Student: 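Sending over a structure as structure tokens; questions will come in a sec.
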Number of protein chains: 2
Amino acid sequence: MHQKKEIINKLRSSNLRPTKQRILIAKKLFDRKETFHFTAETLNQVINKKGQSRISLATIYNTVEAFKKAGHIREILTNNSKSYYDTNIKSHHHFYDPETKKLTDIDYQEVVLNKIPNPPKGKKIKDLEVIISLQKK
Amino acid sequence: MHQKKEIINKLRSSNLRPTKQRILIAKKLFDRKETFHFTAETLNQVINKKGQSRISLATIYNTVEAFKKAGHIREILTNNSKSYYDTNIKSHHHFYDPETKKLTDIDYQEVVLNKIPNPPKGKKIKDLEVIISLQKK
DNA sequence: TCCTAGTTTATAATTATTCTAAACTAGTAA
DNA sequence: TTACTAGTTTAGAATAATTATAAACTAGGA
Ligand SMILES: [Mn+2]
Ligand SMILES: [Mn+2]
Ligand SMILES: [Zn+2]
Ligand SMILES: [Zn+2]
């Protein structure tokens with residue numbers, strides 16, 4: 001699905017040199033079927049598991065920030081102390097389970113709003129997010 | 001509106017001794033017309049402005065946590081590095097302006113949803129929040 | 001008034017993240 | 001090819017928010 005060439009083009013198109021670190025991180029992030037909701041820590045675990053490769057934590061942070069600026073990932077709203085990111089950059093919504101701290105995607109069309117307020121003057125709506133917090137039944 | 005007695009009762013009812021620090025913090029938080037969206041830092045500024053009273057930052061944090069646990073305030077979802085709290089504990093929604101980092105309340109009935117997805121099995125919905133991010137028109 | 005569990009406080013510790021500056025490398029041009 | 005350089009990576013230091021520690025204080029009942 002995400003061949004090396006595609007990844008390199010993606011990086012080039014956002015003025016990011018396709019270094020081996022960025023290519024590896026991009027592979028881990030984008031070469032998967034399901035959305036990946038992650039923190040710097042979880043990404044670091046995925047990348048640096050059991051002495052395989054070795055990418056510094058600083059590069060993990062730098063790359064996440066670069067990918068975010070380039071629009072390849074987006075940051076998620078949480079009230080966790082860590083920043084959460086999402087490989088799904090389409091407008092969509094989330095279930096949040098405070099017990100497991102896991103987010104699950106909700107397709108945009110699964111939520112239908114038929115009334116929303118007007119934004120304050122001088123402002124327009126950039127994005128609308130719905131977060132549905134869960135609890136045990 | 002929020003007399004000292006009411007505040008003391010509120011504290012007592014949640015098993016919090018009405019100390020002078022908690023009473024003062026509660027007054028600053030709850031004795032106001034508009035919702036207060038705050039961080040530990042902004043609350044500390046409100047409390048410890050120009051050499052008036054003096055409550056330690058540790059107590060600010062302790063009290064915010066205690067009030068949150070007691071359900072007198074709630075934490076807000078943001079992607080800011082600081083934790084945001086809200087004196088409006090009713091279910092409601094927010095505009096978020098990333099430029100000013102300010103939140104504005106949206107009344108619950110200002111947003112009408114006529115389709116929401118079913119929660120995963122074993123779970124039920126605890127809360128549903130809508131955050132509308134703004135940008136310059 | 002005395003007692004004690006609960007609270008406050010200064011300060012240290014921790015955690016997530018950003019900064020720094022030196023070493024490295026991708027890409028280009030000689 | 002080789003040399004150059006701007007961009008990148010990295011270890012480690014610095015910062016910022018928050019939490020933990022433990023000693024001093026206090027609310028409120030006996
Ligand atoms: Mn937060
Ligand atoms: Mn957050
Ligand atoms: Zn998502
Ligand atoms: Zn609010």
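Keep in mind that this is a model prediction, so the values were computed, not measured. We name chains A, B, ... by the order of the sequence lines, and we start the count at 1 in each one.
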Student: What's touching nucleotides 28-30 of chain D from the protein side, N or O pairs under 3.5 Å?
Tutor:
{"from": "D/dG28", "atom 1": "OP1", "to": "B/Arg12", "atom 2": "NH2", "distance (Å)": "2.2"}

Student: For DNA chain C, which nucleotides open and close the run of contacts to chain A, 5' to 3', at under 4.0 angstrom from a non-hydrogen atom?
Tutor: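 Taking any atom under 4.0 Å from a heavy atom of chain A, the span is C/dA16 to C/dG27.
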Student: Looking at DNA chain D, which of residues 55-63 of chain A put a heavy atom within less than 4.0 Å of it?
Tutor: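 Those residues are A/Ile55, A/Ser56, A/Ala58, A/Thr59, A/Asn62.
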Student: Can you list every pair that meets ring-ring contact (aromatic ring centres under 6.0 Å, His included) and has a residue in residues 114-136 of chain A, with sequence neighbours left out?
Tutor: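 Every candidate ring-ring contact (aromatic ring centres under 6.0 Å, His included) pair involving residues 114-136 of chain A fails, so no pair, neighbours aside, qualifies.
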Student: Which residues pass the salt bridge (charged side-chain N to carboxylate O under 4.0 Å, His left out) test with A/Lys68, sequence neighbours left out?
Tutor: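 For A/Lys68, the residues satisfying salt bridge (charged side-chain N to carboxylate O under 4.0 Å, His left out) (neighbours in sequence not counted) are A/Glu75.
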Student: So which pairs with a foot in residues 105-119 of chain B pass salt bridge (Lys or Arg N to Asp or Glu O under 4.0 Å), sequence neighbours left out?
Tutor: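 As it turns out, there is no salt bridge (Lys or Arg N to Asp or Glu O under 4.0 Å) pair with a partner in residues 105-119 of chain B once direct neighbours are skipped.
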Student: If I take atom CD1 in residue B/Ile23 and atom C1' in nucleotide D/dA27, what distance separates them, rounded to the nearest angstrom?
Tutor: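 The answer, rounded to whole Å, is 10 Å.
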Student: Among residues two or more places apart or on two chains, list those pairs meeting ring-ring contact (aromatic ring centres under 6.0 Å, His included) that have a residue in residues 116-137 of chain B.
Tutor: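 Passing the test, one end in residues 116-137 of chain B: no pairs.
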Student: How would you list, by chain and number, every residue that makes a side chain to side chain contact (heavy atoms under 4.5 Å, CB included) with A/Lys121, sequence neighbours excluded?
Tutor: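 With neighbours one apart ignored, the set is empty.
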Student: Which residue lies toward the 5' end of DNA chain D, B/Glu65 or B/Thr19, if each is placed at its nearest nucleotide?
Tutor: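 The 5'-side residue here is B/Glu65.
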Student: Under the ring-ring contact (aromatic ring centres under 6.0 Å, His included) rule, collect the residues that match up with B/Phe36, sequence neighbours excluded.
Tutor: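 For B/Phe36, the residues satisfying ring-ring contact (aromatic ring centres under 6.0 Å, His included) (neighbours in sequence not counted) are B/Phe38.
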Student: Who are the side chain to side chain contact (heavy atoms under 4.5 Å, CB included) partners of B/Ala26, not counting sequence neighbours?
Tutor: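 Partners of B/Ala26 by the side chain to side chain contact (heavy atoms under 4.5 Å, CB included) criterion, ordered by chain and then number, come out as B/Ile7, B/Phe30, B/Phe67.
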Student: Report the hydrophobic cluster partners of B/Leu128, with the cluster defined as I, L, V, M, F, W, Y residues connected by side-chain heavy atoms closer than 4.5 angstrom, directly or transitively.
Tutor: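 Direct or chained contacts put B/Leu128 with A/Phe95, A/Ile106, A/Val111, A/Leu113, A/Ile116, A/Ile125, A/Leu128, A/Val130, A/Ile132, A/Leu134, B/Phe95, B/Ile106, B/Val111, B/Leu113, B/Ile116, B/Ile125, B/Val130, B/Ile132, B/Leu134.
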Student: Please name all residues satisfying side chain to side chain contact (heavy atoms under 4.5 Å, CB included) with B/Gln21, sequence neighbours left out, ordered by chain then number.
Tutor: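 Once residues adjacent in sequence are excluded, the partners of B/Gln21 under the side chain to side chain contact (heavy atoms under 4.5 Å, CB included) criterion are B/Thr19, B/Ile55, B/Thr59.
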Student: Would you mind reporting whether B/Arg74 and B/Asp127 have side-chain heavy atoms less than 4.5 Å apart?
Tutor: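 Touching, per the 4.5 Å side-chain cut-off.
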Student: Check this one for me: any side-chain N or O of A/Gln21 less than 4.0 Å away from OP1 or OP2 of D/dT10?
Tutor: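 The answer is yes; a side-chain N or O of A/Gln21 sits under 4.0 Å from OP1 or OP2.
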